[in-house]
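Structure first, commentary second.
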Amino acid sequence: MDNIIEVSYFVAAVLFILGLKRMSSPVTARGGIVWAGAGMLVATLITFFHPGMHNYVLMTTAIFIGGVAAFWSGKKVAMTDMPQMIALYNGMGGGAAGAIAAVELLKGNFHSQTFLTLAVLGALIGSVSFSGSLIAFAKLQGLIRRPMRFAGQQYFNLAVFGLALGLAGMLIFKGELAGMVILAFFAVALTYGFLMALPIGGADMPVVISLFNALTGLAVAFEGFVLNNAAMIIAGTVVGSAGTLLTQLMARAMNRSIGNVLFSSFGSSGGEAAGELQGSMKPIDAADAGIMMAYAERVIIIPGYGMAVAQAQHKIWELSELLLKRGVDVKFAIHPVAGRMPGHMNVLLAEANVPYDLLYDLDEINAAFPQTDVALVIGANDVVNPTARTNPDSPIYGMPILDADKAHNVIVIKRGQGKGFSGVENALFFADNTRMLYGDGQAMAGELIQAIKQL
Amino acid sequence: MIEGMTALYIFMLSAFTGYEVISRVPVILHTPLMSGSNFVHGIVLVGAMVAMGHAQSPLEQVIGFLGVALAAGNAVGGYVVTERMLEMFKSSKGKKN
């Protein structure tokens, strides 16, 4: 039986890697998750035959509870809320890794110092990932609205982290596996996760979620060593390294280093630092905006998270189809962090059946703006803010942006006069060639469609 | 037992594998891929099951129970949301072709 179990874990590990590989191309991506899913099924089922186990009834109950809750929430969640759900599921994985370590530490029979060390490190990483992901979820879900900061916060956090390491050291080197020390260790580790994520602004959350994803992978790998489980070691490590790379890619897209995201206060001094902006916001109505677009040669649509929140993507595609029929050259400009994560906007537009070949990323499209008649900004804000290019005092200075301000005309569909996710005032809205179309994204897209149809 | 240098080799090779597999991924698939890799570390479920299966004291059982429930949430939730996202890629591709 042992051999069958080992072989099954091996097969699962192969299926995970092949699955991830297939997920790297849009054509095979859907097959990829099915392969990985098959691997998970094989590994889970065979684990029931692990020798010397008991507690089967409780175990099955736990799987049922966790599985059904996750299945239900996963089916129900809106596409716009995907990032926080990923954060939540990721946190659960980190918590599970921590729980494994807790059980092993309570049992206290480790083969060697190395395994004890790995168990404790895995517990630390997993616990931080668990509580940190919960904060990430709460922030994106809107349960925590403002980043929480206080004077000397970084030093305080460092002290808490040091305390967690100290307790970890006590567990590892003193061999004191007393219940109180274990309890204190987990309490401090979990607290550190909360403290680490609390001061980070909402705009930086995708990077943090991705980082926690990688950390959970690492924690799972460490606990895999402790349990002598090859599938956990391989899958966890693969996710750990892949997640680290993905985190770097995201941070680079926002022109921020990971250290910067974690240890600086983004957006805290928001509006003031940007200084006074020249000019005023000039409104336009849908009929005029529709005419502008219908008689344009080239239109670039810049969708942002606000479009998805207003569920306007279907209307926007309908609008684009109308324009395309009139011979207007319509393109979509996708900022790397449009939506809440790299690729999030592509998912949202795919939901509305927008073809891939109309979607352009930042590098491909920025040169086209000066030859563009109308840039339509819907629900995007920080990613088109020219102060990122021009004002070194702005908190978002240096972030690569879409050069919408270089188009001949800019139309911004916006609900009100509020600021973006980063809390920074947007100079584009005050520019001479910008007109504001105030209203709900979906309603305004509808009015634009009507206006163009009547021509 | 996977120990010493063998463990280190497995760790090193897996790390490179993860890096390589991801490095060729287009930006449009980053979100589903993050979700997919999130699902893959749901393999923590098998570890949680083994830990709980060998739990003795009531405290160990309670923690083990929590661990298994959380791990099952990670695996099932990760699969469901990834599958939902990738489903849309399939349909829009199909429409285009």
Side-chain angles (χ1 to χ4, degrees), chain A residues 16 20-21 23-24 26 29-30 33 37 40 43 47 50 53 55 58-59 62-63 65-67 70-71 74 85-86 89-90 92-93 95-97 99-100 102-103 106 213 216-217 220 223 227-229 231-239 241-242 245 341-344 346-347 350-351 353 355, chain B residues 1-2 7 10-11 14-15 17-19 21-22 24-25 27-31 33-38 40-53 55 60 63-83 85-86 88-90 92 95-96:
Chain A
F16 286 149
L20 281 174
K21 177 86 192 111
M23 274 189 246
S24 64
R30 196 170 169 280
I33 184 64
M40 190 70 75
T47 303
H50 213 275
M53 295 214 306
N55 294 333
L58 275 176
M59 194 186 295
I63 294 177
I65 293 173
F71 184 85
M85 283 320 280
I86 297 174
Y89 297 139
N90 173 53
M92 293 168 107
I100 293 171
V103 172
L106 287 171
N213 187 38
T216 303
V220 170
E223 300 309 328
L227 296 173
N228 191 32
N229 185 315
M232 278 171 76
I233 298 174
I234 296 171
T237 311
V238 164
V239 173
S241 71
L245 177 61
M341 298 196 291
H344 191 198
N346 304 74
V347 173
E351 194 186 12
N353 291 323
Chain B
M1 248 0 220
I2 305 166
I10 295 179
F11 190 72
S14 305
T17 305
Y19 202 87
V21 163
I22 293 272
R24 297 191 200 94
V25 172
V27 174
I28 55 163
L29 283 169
H30 276 184
T31 293
L33 190 77
M34 177 161 142
S35 182
S37 58
N38 176 40
V40 167
H41 68 52
I43 189 68
V44 70
L45 177 59
V46 302
M49 286 168 70
V50 171
M52 186 183 181
E60 287 170 25
I63 298 173
F65 184 88
L66 277 177
V68 173
L70 287 171
N74 182 181
V76 174
Y79 185 86
V80 170
V81 297
T82 311
E83 208 265 344
M85 280 192 262
L86 292 176
M88 293 178 322
F89 280 88
K90 187 184 129 204
S92 75
K95 198 178 168 174
K96 246 177 86 185

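Naming convention: chains lettered A, B, ... in sequence-line order (proteins, then strands); numbering from 1 in each chain. Not measured: the values here are computed from a predicted model.
With rounding to the nearest 0.5 angstrom, the OG1 atom of B/T82 is 6.5 Å from the CD1 atom of A/I86. Distance check: B/I43 CD1 to A/N229 CG gives 6.5 Å after rounding to the nearest 0.5 Å. With values rounded to the nearest 0.5 angstrom, A/L20 atom CG is found 10.5 Å from B/T17 atom OG1. Atom CE of residue B/M52 and atom OG1 of residue A/T47 lie 14.0 Å apart, to the nearest 0.5 angstrom.
Under a 3.5 Å cut-off, the side chain of A/N90 and the backbone N or O of B/N38 do not form any donor-acceptor pair.
Chain A forms more heavy-atom pairs under 4.5 Å with one residue of B/A71, B/G47, B/A75 than with any other, namely B/G47. In terms of heavy-atom pairs under 4.5 Å with chain A, the best-connected choice from B/L66, B/L70, B/V44 is B/L70. Ranked by heavy-atom pairs under 4.5 Å with chain A, the list B/S37, B/G67, B/A7 is led by B/S37. Your options are B/V21, B/L33, B/V40, and the one with the most heavy-atom pairs under 4.5 Å with chain A is B/V40. Counting heavy-atom pairs closer than 4.5 Å to chain A, the top residue among B/A48, B/G42, B/G73 is B/G73. The greatest number of non-hydrogen atom pairs below 4.5 Å with chain B, out of A/K21, A/M85, A/M53, is found for A/M53.
Residue A/E223 does not touch chain B at all, counting heavy-atom pairs closer than 4.5 Å. Only the side chain of B/I10 comes within contact range of chain A, with heavy atoms under 4.5 Å apart. With a 4.5 angstrom heavy-atom cutoff, A/H344 touches chain B via backbone and side-chain atoms both.
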**Q.** Criterion side chain to side chain contact (heavy atoms under 4.5 Å, CB included) on A/L106 and B/I63, from CA distance to verdict
**A.** CA-CA 10 Å; A/L106 287 171; B/I63 298 173; 3.6 Å; yes
Q: Take B/F65 and A/I65 through the side chain to side chain contact (heavy atoms under 4.5 Å, CB included) test and state the conclusion after the steps.
A: CA-CA 10 Å; B/F65 184 88; A/I65 293 173; 3.9 Å; yes
(Q) Please evaluate residues B/L86 and A/M23 with respect to the criterion side chain to side chain contact (heavy atoms under 4.5 Å, CB included), reporting the C-alpha separation (whole Å), side-chain torsions for both, the decisive distance (0.1 Å), and the verdict. (A) CA-CA 9 Å; B/L86 292 176; A/M23 274 189 246; 4.2 Å; yes
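Defined by atom type and a distance below 3.5 Å, a donor-acceptor pair is present between the side-chain atoms of B/H41 and A/N213.
Of all the heavy atoms in A/I33 and B/Y79, the pair that sits closest is O-CE1, 3.3 Å. The minimum heavy-atom distance linking B/G18 with A/A242 is given by the pair O-CB, 3.6 Å. Of all heavy-atom pairs between B/S14 and A/S241, the closest is O-OG, 4.1 Å. Summarising the geometry of B/L29 relative to A/S24, their closest heavy-atom pair is CD1-C, 3.8 Å, with the distance given to 0.1 Å. Between B/V68 and A/M59, the shortest heavy-atom contact is CG1-O, 3.8 Å. Heavy atoms only, all atoms of each residue included: B/A51 and A/V103 are closest at O-CG1, 3.7 Å.
Under the side chain to side chain contact (heavy atoms under 4.5 Å, CB included) criterion, B/A69 pairs with A/A62, sequence neighbours left out.
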